[in-house]
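Encoded as structure tokens, the structure appears first; notes follow it.
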Amino acid sequence: MFQRVISTKGFWRSVTILAIGFIFIYNIVDLWFAYDFEWSAYFENRLSQENLLRFFVANIMSGFVYGFVVTYLKFRGNIKKNDAQ
């Protein structure tokens, strides 16, 4: 089932779109709660030299995990529903 789901047309595109959306929304919420929309403090802290790699890796990994899990469950449900018919 796993191989069937991840090889379905549109799966990886959906993962990518959800991951980008998650990263964008997460960073806006983080900016709001932690920095009260103070852009300069946010960029100074998150994108400083010692935190830059950590920032990008954490965003990419969390976005991928979120996008993959949500998309996988959606596509798996659709496949099971179509097989039952």
Side-chain angles (χ1 to χ4, degrees):
M1 178 62 91
F2 180 79
Q3 190 67 28
R4 186 174 172 197
V5 171
I6 66 169
S7 62
T8 303
K9 182 179 180 181
F11 177 81
W12 291 108
R13 181 173 182 225
S14 184
V15 169
T16 304
I17 291 169
L18 279 175
I20 291 169
F22 174 81
I23 291 168
F24 179 74
I25 291 171
Y26 175 80
N27 282 296
I28 294 297
V29 170
D30 185 35
L31 174 66
W32 178 27
F33 285 154
Y35 297 94
D36 199 31
F37 286 111
E38 192 176 325
W39 292 90
S40 60
Y42 179 78
F43 287 123
E44 185 177 308
N45 187 19
R46 297 289 185 210
L47 302 177
S48 65
Q49 189 66 27
E50 58 271 355
N51 291 337
L52 189 59
L53 180 62
R54 178 179 169 195
F55 175 79
F56 284 117
V57 169
N59 274 286
I60 291 169
M61 288 181 67
S62 63
F64 174 76
V65 168
Y66 174 80
F68 186 86
V69 168
V70 170
T71 303
Y72 180 82
L73 294 174
K74 176 185 166 191
F75 276 63
R76 187 175 133 234
N78 287 342
I79 289 172
K80 281 189 171 188
K81 188 172 125 182
N82 290 339
D83 286 348
Q85 292 178 355

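Source: prediction; values computed, not measured.
W12 and Y66 are assigned to two separate hydrophobic clusters, defined by single-linkage of ILVMFWY side chains at heavy-atom distances under 4.5 Å. Cluster annotation: L47 and I28 are assigned to the same hydrophobic cluster (Ile/Leu/Val/Met/Phe/Trp/Tyr, side-chain heavy-atom contacts under 4.5 Å, transitive). Side-chain heavy atoms closer than 4.5 Å link hydrophobic residues (I, L, V, M, F, W, Y) into clusters, and following such links, even through other members, never connects L18 to I25. A continuous path of Ile, Leu, Val, Met, Phe, Trp and Tyr side chains, each step under 4.5 Å between heavy atoms, connects F55 with W32, placing both in one hydrophobic cluster. Cluster annotation: F56 is not connected to L53 through the hydrophobic network of ILVMFWY side chains, with a link wherever side-chain heavy atoms come within less than 4.5 Å.
Looking at F22 and V70, their side chains never come closer than 4.5 Å, going by heavy atoms from C-beta outward.
To the nearest 0.5 Å, atom CD1 of residue I6 and atom CE of residue M1 are 13.0 Å apart. In this structure, the separation between CD1 on I60 and CD1 on I20 is 10.0 Å, given to the nearest 0.5 Å. Rounding to the nearest 0.5 angstrom, the gap separating the CG atom in N45 from the CD atom in E50 is 8.5 Å. Note that CZ of F64 is 11.5 Å distant from CD1 of I23, once rounded to the nearest 0.5 Å.
Under the rule for a side-chain hydrogen bond (donor to acceptor under 3.5 Å, both in side chains), Y26 has no partner lying at least two apart in sequence or in another chain. Residues passing the ring-ring contact (aromatic ring centres under 6.0 Å, His included) test with F11 are F68, F75, sequence neighbours excluded. Checked against salt bridge (charged side-chain N to carboxylate O under 4.0 Å, His left out), R4 has the following partners two or more places apart in sequence or in another chain: D83.
When atom types are taken as modelled, the side chain of S14 and the backbone of G10 share no donor-acceptor pair closer than 3.5 angstrom.
Closest approach of L31 to E38, counting heavy atoms only: CD1-O, 4.0 Å. Minimum heavy-atom separation, A19 to G63: CB-O, 3.2 Å.
The side-chain hydrogen bond (donor to acceptor under 3.5 Å, both in side chains) with R46 is formed by just one residue from the set D30, N59, N27; it is D30.
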